[in-house]
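Beneath this line is the structure, given in structure tokens, with notes to follow.
All figures in this text were calculated on a predicted structure; none of them were measured in a lab.
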Amino acid sequence: MADILPVPETLIFFHGLLKLIIGVVALIYAFLLIPKYKQKKSKITIFLLFTYIFTSLGMIFSGFDNFLGWDDLLGENTWLGFGFSQIFVGCANTAFIALYLEIFRVKENWNTSHYILWASYAIVMLGSSTLIMTYYSFLWPRVILLQNVIFLLLSILCFGLWTISSTRILHRMDDAKYKTKFRSFQLMGISFILLFIFFTLANLSDSPSFFTWFASFFMMLGFYFSYRGFLHS
């Protein structure tokens, strides 16, 4: 692939710092969820907790390339931290699709069809994430486009379904508190769709890309709406 909106060497430090900051913010958000989980012990909270823990690990590992010298650690043009961060992001998406099913599809308890849907999504998502990881960490396979397309489509599917379901419920709501909650869910879904579009474009670049900065902006925006939807409202 080619360099796409490359970050100049003078800004590489800030490029890595931005990732670490977002990772810490995601970790703080996860800690804020722990008292809520202890209080209710709901599946919704535990799925959201895992989503943010894995997101935090993904961003922190990605920043290690710039701060710990993990770039070129396994050879020229290898990005060990960024590569392994893809696994964590795939795990975060897998936890989020479970969150979607729990809120919008499961009525009382998970049945066989719910487990099959979740497992099918998890297998393909984690498979594509693993191949993206091996490309950046070990330069195998030599093709990166297919894995990224699959990863992007699954991410858009996940957050697209979330946004559509939130919008449908929002239009049926009269209670102001719940309208605020599902409006936040709707905007969170849109933010994360845009995040993964820019995230995928950054993945296709052979060097650190400003698309990561755009993705980071929408990630922080998604965090904000997530906070409003799950903790504040």
Please name all residues satisfying ring pair (Phe, Tyr, Trp, His ring centres under 6.0 Å) with Phe13, sequence neighbours left out, ordered by chain then number. Phe67

Taking only residues at least two apart or on different chains, which pairs with a member in residues 116-126 satisfy side chain to side chain donor-acceptor pair (under 3.5 Å)? none

Donor-acceptor contacts under 3.5 Å from residues 156-166 side chains, at least two apart:
residue, atom, partner, partner atom, Å
Trp162, NE1, Phe185, O, 2.9
Thr163, OG1, Phe159, O, 2.7
Ser165, OG, Leu161, O, 2.9
Ser166, OG, Trp162, O, 2.8

Leu195 and Phe192, any side-chain heavy atoms less than 4.5 Å apart: yes

Polar side-chain atom of Ser155 near backbone of Phe151 as donor-acceptor pair, under 3.5 Å: yes

With sequence neighbours excluded, what pairs up with Phe50 under the ring pair (Phe, Tyr, Trp, His ring centres under 6.0 Å) test? none

Partners passing side-chain hydrogen bond (donor to acceptor under 3.5 Å, both in side chains) against Tyr29 (at least two apart in sequence or in another chain): Ser226

Please output the side-chain donor-acceptor pairs of residues 40-47 that fall under 3.5 Å, not counting sequence neighbours, one pair per line with the distance.
residue, atom, partner, partner atom, Å
Ser42, OG, Thr45, N, 3.2
Ser42, OG, Thr45, OG1, 2.9

For Asp71, give me all partners under side-chain hydrogen bond (donor to acceptor under 3.5 Å, both in side chains), at least two apart in sequence or on another chain. none

Go through the structure and list residues passing side chain to side chain contact (heavy atoms under 4.5 Å, CB included) with Arg142, not counting sequence neighbours. Leu139

List the residues meeting ring pair (Phe, Tyr, Trp, His ring centres under 6.0 Å) with Phe84, not counting sequence neighbours, and say none if there are none. none

Quick one: do the Thr78 and Asp72 side chains pair a donor with an acceptor below 3.5 Å? no

From the list Phe223, Phe31, Phe88, Phe96, ring pair (Phe, Tyr, Trp, His ring centres under 6.0 Å) with Tyr52 holds only for Phe223

For the residue pair Phe199 and Phe196, does the interplanar ring angle fall in the parallel (under 30°), tilted (30 to 60°) or perpendicular (over 60°) class? perpendicular

Can you list, pair by pair, the side-chain donor-acceptor contacts under 3.5 Å of residues 102-110, counting residues two or more places apart and other chains?
residue, atom, partner, partner atom, Å
Glu102, OE1, Trp110, NE1, 2.6
Arg105, NE, Tyr100, OH, 3.4
Arg105, NH2, Tyr100, OH, 2.8

Pair Asn148-Thr200, side-chain donor/acceptor within less than 3.5 Å: no

Connecting only ILVMFWY residues whose side-chain heavy atoms lie within less than 4.5 Å of each other, what is the rest of Ile116's hydrophobic cluster? none

Can you check whether Ile87's main-chain N or O pairs, donor with acceptor, with Ser129's side chain at less than 3.5 Å? no

Please set out all donor-acceptor pairs under 3.5 angstrom arising from side-chain atoms of residues 210-220, sequence neighbours excluded.
residue, atom, partner, partner atom, Å
Thr212, OG1, Ser209, O, 3.4
Trp213, NE1, His15, ND1, 2.8
Ser216, OG, Thr212, O, 2.7

Would you say the side-chain atoms of Ser85 pair up with the backbone N or O of Phe82, donor to acceptor, closer than 3.5 Å? yes

